[in-house]
Amino acid sequence: MSSRALSTDPVTAARLLLGATLTSGGGTTGEVTARIVEVEAYGGPPDGPWPDPASHSHRGRSTRNAVMFGSAGRLYTYRSHGIHICANISCGPGGTAAAVLLRAAVIERGIGVARQRRGALVAEPALARGPGNLCSALAITMDHNGVDVFDAASPVRVRLADSPADPICGPRVGVSVAADRPWRFWLAGHPEVSAYRRSPRAPLPGVSD
DNA sequence: GGTAAGATCAGC
DNA sequence: CTGATCTTACCT
């Protein structure tokens, strides 16, 4: 029951998910396993324990973000800019909104399958760099929204690392509010980690949320 | 029922 | 720096 470990605040959950392995597919579909090396924490509504104006759940529960309000250890997928799919792992106790966005991973098994999905020209460290690319390489789709990643029968599965990671933290990428909050975490020395680019819509640095 | 905006990526 | 392209949320 590793999901119990994620039944905590999103920052703690983010550190637990760093270094964890993510596996998708198996059987007839190509299986790909990747080690998570970059994540971002997202909180919830203003009246909850982790207010976060940058979170999809900040304005309360909706059809799209319902998984964030559910129990920990479920996959929350959403479509970004009409084209890309991004994947989060829900955390916090049931009824409380929080999740961890998966931003980058090192492909450890199934590189051939991943490259087939991403294109032959893509460099190896870039196969699962960026949340949209990560989902593309692992063939994570909107059909996977809500699946239990700690269920061995799920199409997408997570196995937490034995020892907790010692991550570096910094501001989240691409968010237009609370842009200075250091809720992005990554493991040092990985070329898979995406470069930081502040959202063009974010206010100048130093403006608090 | 219409529309604006978005936790992105690839290609000029 | 821009275009692609679609879902959601929040109006009227």
Side-chain angles (χ1 to χ4, degrees), chain A residues 9-11 13-15 17-18 22 34 36-46 48 50-70 74-92 97-105 107 114-146 167 169-186 191-203 205 207 209:
Chain A
D9 69 275
V11 170
R15 300 174 70 116
L17 283 165
L18 272 180
L22 178 69
I36 299 166
V37 293
E38 183 189 358
V39 298
E40 277 175 6
Y42 284 91
W50 313 295
D52 183 5
S55 172
H56 286 171
S57 54
H58 185 242
R59 296 183 201 182
R61 187 187 184 117
S62 70
T63 316
R64 175 172 71 148
N65 65 28
V67 173
M68 286 188 74
F69 288 81
R74 291 197 298 156
L75 202 63
Y76 164 45
T77 56
Y78 68 93
R79 189 175 300 273
S80 179
H81 295 75
I83 308 174
H84 308 284
I85 300 294
C86 300
N88 301 249
I89 308 287
S90 66
C91 57
V100 176
L101 172 68
L102 307 180
R103 290 198 54 91
I107 310 284
R115 178 160 278 141
Q116 203 166 18
R117 290 168 178 158
R118 295 273 293 118
L121 299 178
V122 177
E124 194 168 316
L127 285 173
R129 175 194 289 150
N133 292 334
L134 188 152
C135 287
S136 173
L138 298 219
I140 293 173
T141 70
M142 287 303 293
D143 292 341
H144 298 136
N145 190 40
C169 70
R172 293 178 289 189
V173 177
V175 304
S176 54
V177 292
D180 301 322
R181 188 182 297 193
W183 274 15
R184 179 165 74 117
F185 302 89
W186 66 95
E192 288 80 10
V193 173
S194 44
Y196 172 58
R197 291 197 314 271
R198 166 171 281 254
S199 165
R201 286 178 293 278
V207 177
D209 37 310

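Note on naming: letters A, B, ... go to the chains in the order of the sequence lines (proteins, then strands), and numbering restarts at 1 for each one.
Every ring pair (Phe, Tyr, Trp, His ring centres under 6.0 Å) that A:Tyr78 has, sequence neighbours left out, goes to A:His56, A:Tyr76. With sequence neighbours excluded, the residues forming a side-chain contact (heavy atoms from CB on, under 4.5 Å) with A:Glu124 are A:Ile111, A:Arg115, A:Leu127, listed by chain and number. In this structure, the side-chain contact (heavy atoms from CB on, under 4.5 Å) partners of A:Ala98, at least two apart in sequence or on a different chain, are A:Pro10, A:Trp50, A:Cys91. Under the salt bridge (Lys or Arg N to Asp or Glu O under 4.0 Å) criterion, A:Arg172 pairs with A:Asp52, not counting sequence neighbours.
When all heavy atoms are compared, the tightest approach of A:Asn65 to A:Gly60 is ND2-O, 3.0 Å. In this structure, A:Ser80 and A:Cys86 approach most closely via the heavy-atom pair CB-SG, 4.0 Å.
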## Note on the structure
A correct dot-bracket answer for DNA chain C, with pairs being Watson-Crick or G-U at under 3.5 Å, [ ] for crossing pairs and | for inter-strand pairs, is ||||.||||||.
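For the pair A:Glu38 (side chain) and A:Ser194 (backbone), a donor-acceptor distance under 3.5 Å is present. When atom types are taken as modelled, the side chain of A:Asp9 and the backbone of A:Val11 share a donor-acceptor pair closer than 3.5 angstrom.
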### Query
Base, backbone or nothing for each nucleotide of nucleotides 1-11 of chain B, written B, S, -, heavy atoms under 4.0 angstrom, 5' to 3'?
-----BBBSS-
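Across all strands shown, A:Arg59 has heavy atoms under 4.0 Å from sugar-phosphate atoms exclusively, and none from any base.
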